[in-house]
There are 2 protein chains.
Amino acid sequence: MKDLSQTMQDYLKAIATLDRGGEVSTTDIAAALKVSPASVTSMIKRLASMKLIQHKAYRGVVLTHAGRKVAMEIIRHHRLIELYLAEALGYTWDQVHAEAENLEHHISEDFEDRIAKILGDPKYDPHGDPIPTKDGHLPPTVHDRLCDADVDDVLIVRRVNDDDAELLRTLTEHGIGLATTVRVVERDETSGHITIRVRRTTVRLQHSSASRIFVERQAVVS
Amino acid sequence: MKDLSQTMQDYLKAIATLDRGGEVSTTDIAAALKVSPASVTSMIKRLASMKLIQHKAYRGVVLTHAGRKVAMEIIRHHRLIELYLAEALGYTWDQVHAEAENLEHHISEDFEDRIAKILGDPKYDPHGDPIPTKDGHLPPTVHDRLCDADVDDVLIVRRVNDDDAELLRTLTEHGIGLATTVRVVERDETSGHITIRVRRTTVRLQHSSASRIFVERQAVVS
DNA sequence: TCGTAGATTTAGACGTGTCTAAATTTCTTC
DNA sequence: GAAGAAATTTAGACACGTCTAAATCTACGA
Ligand SMILES: [Mn+2]
Ligand SMILES: [Mn+2]
Ligand SMILES: [Mn+2]
Ligand SMILES: [Mn+2]
C-alpha cells in the first residue's frame with residue numbers, strides 16, 4: 001500500500017499501542033518513542049495531512065482507518081517475526097523483541113506471507129500478544145493483570161509485555177512461561193509486591209513486574 | 001563495531017563491489033547507487049573524514065582497512081540472507097536479492113551468526129557469489145565470463161550476477177543453474193550474441209547476459 | 001601545447017526528522 | 001473565576017542525504 005518512512009511507521013505503531021479508546025496524547029507518544037514533545041507535534045501534523053491520524057490541537061490524536069491499517073500491518077510483521085525467530089532460529093522470548101523491532105519495517109509482503117504460512121497462520125506471538133490478521137483484526141486478548149489478582153487466586157499466565165527483557169529472563173529462571181499456572185499467596189499493599197507460588201517455589205514480584213503479566217482465571221474443574 | 005547509516009553502508013558496499021584494484025570513480029558510484037555525482041562527492045567527504053575511505057580530489061576513492069571491513073560485513077549479511085531465504089523460506093534465486101538488499105542493514109550480529117550456523121557456514125550464495133568470512137576474507141571466486149568463451153568450449157556455470165532478476169528467471173526456464181554444464185555453439189561477433197547448448201536445447205544469449213554469467217572450464221576427463 | 005569534452009567538485013537549495021527555548025493553551029486547585 | 005502548573009505548539013536551528021546548476025579540473029586529440 002503506502003510507502004511510509006520507518007519513522008512514520010513507528011509513530012503509527014506507537015499511537016495504536018497507546019490507544020485506549022480515546023485520544024492519544026503528544027506526551028505519551030513522545031515518551032514511547034523517546035523523542036521530544038515538539039518532535040511529536042511536528043510529525044503529528046504531517047501524519048494528519050496524510051489523513052493517517054486525526055488531530056485536534058491540544059487534544060491529542062486518533063488513528064484514521066488508513067492509519068490503523070498501517071499500524072496493524074507493522075504490528076503483524078513484528079509479532080510474526082518474533083514468533084519466527086523463536087521457532088525457527090532458536091531465539092528465547094527475551095531476545096526476539098529487539099530483533100523484531102528492527103526487522104518489522106524491512107520485510108516484504110512476500111516474506112510476511114511465507115513465514116506466516118510456515119508458522120501455520122499463528123494467532124499469538126511468543127509473549128502471548130495477538131497477531132493481527134492480514135485484514136487488521138486482532139485475536140482475543142487477555143487484559144487482566146496479575147497485579148490486580150486476589151490472594152488465593154489460581155491463574156494461568158497468558159501474556160507478558162515484551163518490552164522488559166530482564167523480567168522475561170527472570171520469569172524463565174523461575175520456570176514461568178505462557179500457560180504456567182500460578183497461585184497468589186500474598187499481596188503487600190504498601191510495597192505493592194505480589195508473591196506467587198509456582199510448582200513448589202515462591203516468587204516475589206514488584207508491582208511494576210506484576211502489572212506486565214496478564215492472566216486468565218483457572219477454569220473451574222467440575 | 002561502528003553504527004553507520006544504511007546510506008553509508010550502501011556507499012561502502014558499492015565501492016567494494018566496484019573495486020578493481022585501483023581507485024573507484026565518483027561517476028561509477030553514482031551510477032551504482034542511482035544518485036547524482038554531486039551527492040556522491042558530498043558523501044565521499046563524510047566517509048573520508050571518518051577514515052573509511054581515502055579520497056584524492058578528482059582521483060577517486062579507495063577503501064581503508066576499516067571501510068573494507070564494514071563493506072565485507074554488509075556483503076556477508078546480504079549473501080547469507082540470500083542463501084537463508086532460498087534454503088529456509090523457499091525463495092527462488094531471482095527473488096532473494098531484492099529482499100536481502102533491504103534486510104542486510106537491519107539484522108543483528110546474533111542473527112547473522114544463527115543463520116550462518118544453520119546453513120553450515122556456507123561459502124557461496126545462491127548465485128555462486130562468495131560469502132565473506134566473519135573476518136572479511138573472500139572465498140575463491142570465478143572471474144571468467146561466458147561472453148569471453150570460444151566456440152566448442154565446454155563450461156560449467158559457477159556464478160551469475162544477481163542484479164538482473166529477469167535473466168535469472170530466463171536461465172531457470174532453460175534449466176540453467178549453478179553447476180549446469182553448457183557448450184558454446186556459436187559466437188556472433190557483430191551482434192555479440194552467444195549461443196549455447198544445454199541438455200539438448202539451444203539458448204541464444206545477448207552479450208550483456210553472457211557477461212553476467214561466470215564459468216569454469218570443464219575439467220579434462222582422463 | 002592547447003583546447004575542449006567529460007568528470008568532478010562547489011554552491012545553494014530542499015525535505016525529513018530531530019532538538020531547545022519560548023509562547024500558548026488547557027487543566028487543576030483554591 | 002483566577003492563578004499557577006502542566007501539556008502542547010511554535011519558532012528557529014541543525015544534521016543527513018539528496019538535487020540542479022555552475023565552476024573547476026583532468027585527460028586526450030589535433
Ligand atoms: Mn515485541
Ligand atoms: Mn520499529
Ligand atoms: Mn544479491
Ligand atoms: Mn542495501
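Predicted, not measured: the structure shown is a model, and the values here were computed from it. In what follows, every chain begins at residue 1, and chains take the letters A, B, ... in the order their sequences are listed.
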Length of the line joining A:Leu18:CG and D:dA7:P, which is rounded to integer Å: 15 Å
Can you tell me how far P of C:dG15 sits from CG of A:Leu47, to the nearest Å? 18 Å
Could you tell me whether the phosphate oxygens of C:dT9, OP1 or OP2, come under 4.0 Å of any side-chain nitrogen or oxygen in B:Arg59? no
Could you tell me whether A:Glu112 and A:Lys134 have a side-chain N and a carboxylate O separated by less than 4.0 Å? yes
Roughly, in whole Å, what's the span from CD1 in B:Ile29 to P in C:dA7? 14 Å
Between A:Arg114 and A:Asp110, is the closest basic N to carboxylate O distance under 4.0 Å? yes
Describe the nucleic acid contact of B:Thr41 in one word from base, sugar-phosphate, nothing, applying a heavy-atom distance below 4.0 Å. base
Among pairs that include at least one residue of residues 23-79 of chain A, which meet ring-ring contact (aromatic ring centres under 6.0 Å, His included), considering only residues two or more places apart or in two chains? A:His78-A:His97
Between atom CD in B:Gln9 and atom P in D:dG17, what is the gap in whole Å? 11 Å
Whole angstroms only, please: what is the CD1-P distance between B:Ile44 and D:dT18? 12 Å
A:His55 NE2 to D:dA7 C1', straight-line distance once rounded to whole Å: 11 Å
Round to a whole Å and report the spacing from NZ of B:Lys56 to P of D:dC25. 18 Å
What does the B/S/- profile of nucleotides 17-24 of chain C look like, 5' to 3', with a 4.0 Å heavy-atom cutoff to protein? BBBBB--B
Do A:Gln206 and A:His193 get their side chains close enough for a donor-acceptor pair, meaning under 3.5 Å? no
In this structure, which one of B:Gln6, B:Lys13, B:Gln9 forms a side chain to side chain donor-acceptor pair (under 3.5 Å) with B:Glu104? B:Lys13
Ring of B:Tyr124, cation from B:Arg79 - is the NZ or CZ under 6.0 Å from the centre and inside 45° of the axis? no
